[in-house]
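First the structure, in the form of structure tokens, and then the observations on it.
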Protein chains: 4
Amino acid sequence: MIIELDLQSDIPIYTQLMDQIIEGIANGALQPGESLPSVRSLAADIGINLHTVNKAYTLLKQEGFIQVHRKKGVVVVDKNALPSTTEDYLSRVRKQLRPIAAEAICRGLSEEQLNEMIKQLYSDIQQKDRE
Amino acid sequence: MIIELDLQSDIPIYTQLMDQIIEGIANGALQPGESLPSVRSLAADIGINLHTVNKAYTLLKQEGFIQVHRKKGVVVVDKNALPSTTEDYLSRVRKQLRPIAAEAICRGLSEEQLNEMIKQLYSDIQQKDRE
Amino acid sequence: MIIELDLQSDIPIYTQLMDQIIEGIANGALQPGESLPSVRSLAADIGINLHTVNKAYTLLKQEGFIQVHRKKGVVVVDKNALPSTTEDYLSRVRKQLRPIAAEAICRGLSEEQLNEMIKQLYSDIQQKDRE
Amino acid sequence: MIIELDLQSDIPIYTQLMDQIIEGIANGALQPGESLPSVRSLAADIGINLHTVNKAYTLLKQEGFIQVHRKKGVVVVDKNALPSTTEDYLSRVRKQLRPIAAEAICRGLSEEQLNEMIKQLYSDIQQKDRE
DNA sequence: GTGGTCTAGACCACA
DNA sequence: GTGGTCTAGACCACG
């Protein structure tokens, strides 16, 4: 799986890294049980700081996407094992979406267009799954 | 219009302020042509520094939501005057939604559920508009 | 002569007013010896503050474009009476043009294009003279 | 590269700083990809506050002259990457030049003399480029 | 009185 | 160590 980082972006590198890994899990590029590279090797591979990779891994672990095995190292959790649609999670998503929706209303982007966009994203992200 | 800030949040105050004002414009609490309070008075009202308010105003101006009128002070721009659905804007929204969608897929939140959430947000935000 | 002000502009109103009057002198809309409206009436006409008009007039007087007669009020000076191409003036123009030229170079706007633009401005401004 | 500021000037320090940096880019003193000093060190060097430097950098970033790279710090963008001669840009230049041209007409500075001045500025600014 | 500019000092997130 | 954010206090230009 290829990690693409934008060092010019205002999004922190560790966040970008998390997002990419989560997307990898979503589209099946990272299968449940699969091992992620060690902090050290991943950092070297993509040319970033150890701390940065470490921070991403730590947060991913906290959110339940990965687990640290003593032997296998960092492994991907089964999607189905994730606590789905917690109320906590739902309200977090709502908070994330709210300002996006507000701006969309101001700019005349309709509910339908936004939903269409989400539909495209879903199929776009899951696309690689079918390969 | 009431501004609610969470000073503990990891979202910068000026961003929260921007979001609230944009939502105010979206729901009609802030009508086109209406003047916003001066940086000083708003800062005093909500108990933050005037520079923080100023930063929010500056960014909102830059994004076209408000204008600084030399006589009327800070003025709300007409929603319809905003360049709606620029390709730039659409791709920005897509970038914002992508990680949200990816996580949703992992957590088993379906496209339909997300759509429903957006529908609720739209009606929730626009609610005051109907008054 | 019609004065057009942009209250949204970041250029101070008094500067805009000066610019318009100078352009009026340049294109002959304001003839030498002609009287300008009084501070009071001009302010009322264009709906701005007395102080603002006053400041513009004061600066124009300082720069030699207008004179204050005890009887006729504010009158336009003859262009030819202006101290032309002082070294002071030339270096001031150079200072104004320098950053414009620097940015033009960065953005790949050629010397010729810039000169062409000036040519157009000259004919554009003097156009009304022919009417 | 040497930065020269006039703290007595009525031109804001951050604007002067921007102008100097843009000129540095124009004349090749600042090469594409080169890193600018950090806000702190530059502020210390030229004896101004870091927020003032920061404002200049922020605006330069906004106008596309520099980018903030998460590893390299503040980096000069390739001139060729700048969107050259946008209609927006051209009309902005026109607005800047208009009052200059108007005054020039009043003072009897001919089109040719202005053109000559621009020619000199171009060669003056680009001078260092040839070294 | 308002916004714009500048300074100063502080904390935190990031790498 | 770097940029990002926030606060505080001050002066000036503008209207």
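The basis for the numbers below is simple: all heavy atoms, side chains too, and nothing from hydrogens, waters or symmetry mates. Here is how names work: the chains are called A, B, and so on, in the same order as the sequence lines, proteins then strands, and each is numbered from 1. Since we're looking at a predicted model, the values are computed, not measured.
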**Side-chain touch V75(C)/L36(C), heavy atoms, less than 4.5 angstrom** = no

Under 4.5 Å between any side-chain heavy atoms of L5(A) and I46(A), yes or no?
yes

Whole-Å distance, Q8(A) CD to dG3(F) C1', equals 15 Å

Tell me if the CD atom of E4(D) is crowded by more than 12 foreign heavy atoms within 6.0 Å.
no

When rounded to whole Å, the CG to P distance for the pair D10(A) and dA13(E) reads 17 Å

For residues N49(B) and V53(B), determine if any side-chain heavy atom of one lies less than 4.5 Å from a side-chain heavy atom of the other.
no

To the nearest angstrom, the CD1-C1' distance between I48(C) and dT2(E) comes to 17 Å

> Take atom CZ in R92(D); do more than 12 heavy atoms of anything else shown fall under 6.0 Å from it?
Replying inline: yes

L59(D) CG to dC6(E) P, in whole Å, measures 11 Å

From CG of L42(D) across to P of dT2(F) the rounded distance in Å is 12 Å

DNA chain F in dot-bracket form (Watson-Crick or G-U pairs under 3.5 Å, [ ] crossing, | inter-strand) is ||||||||||||||.

Heavy-atom side-chain proximity of Q62(C) to Y57(C) below 4.5 angstrom
no

Atom CD of Q67(B) and atom P of dG3(E) are separated, to the nearest Å, by 15 Å

Check this for me: does any side-chain nitrogen of one of K72(C) and E34(C) sit under 4.0 Å from a carboxylate oxygen of the other?
no

Which atoms of nucleotides 11-15 of chain F (N or O only) lie under 3.5 Å from a protein N or O atom, and what are those distances?
unit_1, atom_1, unit_2, atom_2, d
dC14(F), OP1, Y14(C), OH, 3.1
dC14(F), OP2, Y14(C), OH, 3.0
dC14(F), OP2, K55(C), NZ, 2.7
dC14(F), O3', R70(B), NH1, 3.3
dG15(F), OP1, R70(B), NH1, 3.3
dG15(F), OP1, I13(C), N, 2.9

Whole-Å distance, L7(D) CG to dT7(E) P, equals 8 Å

Quiz prompt | N54(B) side-chain N/O to dG3(E) phosphate OP1/OP2 under 4.0 Å | solution = no

How about C106(B) and I22(A): do any of their side-chain heavy atoms sit closer than 4.5 Å?
yes

Rounded to whole Å, CG of L50(B) lies from C1' of dT5(E) at a distance of 12 Å

Do V76(C) and F65(C) come within less than 4.5 Å of each other through their side chains, counting heavy atoms only? no

